[in-house]
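This report concerns only the one structure given below.
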Amino acid sequence: LRRQRQMCIRDSSISTIIEKDDLLYIASSMSGLVIYDPRKNRVVRSYRKDSKTLPIPSNYIKDVYIDKKDNIWIGTYKDGVCVIRHDLSEVIYYNTANGLSNNDIRCIKESPAGEMWIGTFDGLNIVNPVTSRIASYKHGAQGSLSHHSVYSILFDRMQTIWIGTYAGGVDYYNCLLYTSPSPRDM
């Protein structure tokens, strides 16, 4: 690859880049979340710990996800998840104080039913964004995760959930067989 130009973040490692409506959402280890417009070659908005409006809990971002309602879910290293509402009216925080299994976030994905699945260093969490209730699943019990650290999540078209772990390989569950407890019951 030939580098075309240096851009907005020079002092960080980049953990995730996603695209939405022709904008790039760039998650970094030191600069927080930067929203960049490549057509105009400029930063549109940034979210940092020291922001005057809508501050986030940490500048060390591990993952970012934009849900079906255009809320921005930001997974941090050691400070849990924050959700910036689509209308920029508020920031909602999820961490161990209100139910997450761990504050070191590895990945965030939305299920077809609209629940947010959050992989952490110590378990899998399913957040009901309507009620804010959290169900946590950890390694250890029969039928549970093969390893405590969840690195990736995929929902395929056959309604199978694929969960990539750090040292336990890949776990998979079929939603048609998923009964105990159902995230929809939260």
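In what follows, residues are counted from 1 in the order of the sequence shown.
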What's the spacing between [X] [atom1] and [Y] [atom2] if we round to 0.5 Å?
{"X": "K62", "Y": "D104", "atom1": "NZ", "atom2": "CG", "result": "5.5 Å"}
{"X": "H148", "Y": "T165", "atom1": "NE2", "atom2": "OG1", "result": "9.0 Å"}
{"X": "C107", "Y": "L124", "atom1": "SG", "atom2": "CG", "result": "8.0 Å"}
{"X": "K68", "Y": "S111", "atom1": "NZ", "atom2": "OG", "result": "6.5 Å"}
{"X": "R39", "Y": "D22", "atom1": "CZ", "atom2": "CG", "result": "4.5 Å"}
{"X": "E110", "Y": "N71", "atom1": "CD", "atom2": "CG", "result": "9.0 Å"}

Taking the side chain from S29 and the backbone from S13, do they hold a donor-acceptor pair closer than 3.5 Å?
-> yes

Counting distance only, does the side-chain N/O of T160 pair as donor-acceptor with the main-chain N or O of D156 below 3.5 Å?
-> no

Considering non-hydrogen atoms only, spot the tightest contact between [X] and [Y] and give its length.
{"X": "I108", "Y": "I105", "answer": "CG1-CG2, 4.0 Å"}
{"X": "C82", "Y": "P57", "answer": "SG-CD, 3.6 Å"}
{"X": "D63", "Y": "S15", "answer": "N-OG, 4.4 Å"}
{"X": "S136", "Y": "S101", "answer": "OG-N, 3.8 Å"}
{"X": "S28", "Y": "S31", "answer": "OG-N, 2.8 Å"}
{"X": "L145", "Y": "H139", "answer": "O-ND1, 2.8 Å"}

ILVMFWY cluster, [X] and [Y] together (side-chain gap under 4.5 Å):
{"X": "V170", "Y": "I153", "value": "no"}
{"X": "F121", "Y": "Y77", "value": "no"}
{"X": "L24", "Y": "I14", "value": "yes"}
{"X": "I126", "Y": "V150", "value": "yes"}
{"X": "Y151", "Y": "Y65", "value": "no"}

Please check if any side-chain donor atom of Y36 sits under 3.5 Å from a side-chain acceptor atom of N41, or the reverse.
-> yes

Please lay out, stage by stage, how W117 and Y137 fare under the test ring pair (Phe, Tyr, Trp, His ring centres under 6.0 Å).
-> CA-CA 11 Å; W117 289 52; Y137 301 88; 7.5 Å; no

With N103 as reference, evaluate T96, T76, T120, D122 under the side-chain hydrogen bond (donor to acceptor under 3.5 Å, both in side chains) test and give the passing residue.
-> T96

Residue pair Q159 / P112, side-chain heavy-atom distance below 4.5 Å = no

Check the pair S149, R106 against side chain to side chain contact (heavy atoms under 4.5 Å, CB included), reporting the backbone distance first and the verdict last.
-> CA-CA 8 Å; S149 191; R106 306 289 194 196; 3.4 Å; yes

Step by step, work out the side chain to side chain contact (heavy atoms under 4.5 Å, CB included) result for K109 and F155.
-> CA-CA 9 Å; K109 292 290 185 267; F155 298 91; 4.0 Å; yes

R48 and D50: CA distance, side-chain angles, deciding distance, salt bridge (Lys or Arg N to Asp or Glu O under 4.0 Å) verdict | CA-CA 5 Å; R48 298 177 48 87; D50 59 358; 3.2 Å; yes

Residues clustered with Y47, ILVMFWY side-chain links under 4.5 angstrom = I18, L23, Y25, L33, I35, V44, L54, I56, I61, V64, I66, I72, I74, I84, L88, V91, Y93

Stepwise side chain to side chain contact (heavy atoms under 4.5 Å, CB included) test for W73 and V127 | CA-CA 12 Å; W73 292 71; V127 177; 4.2 Å; yes

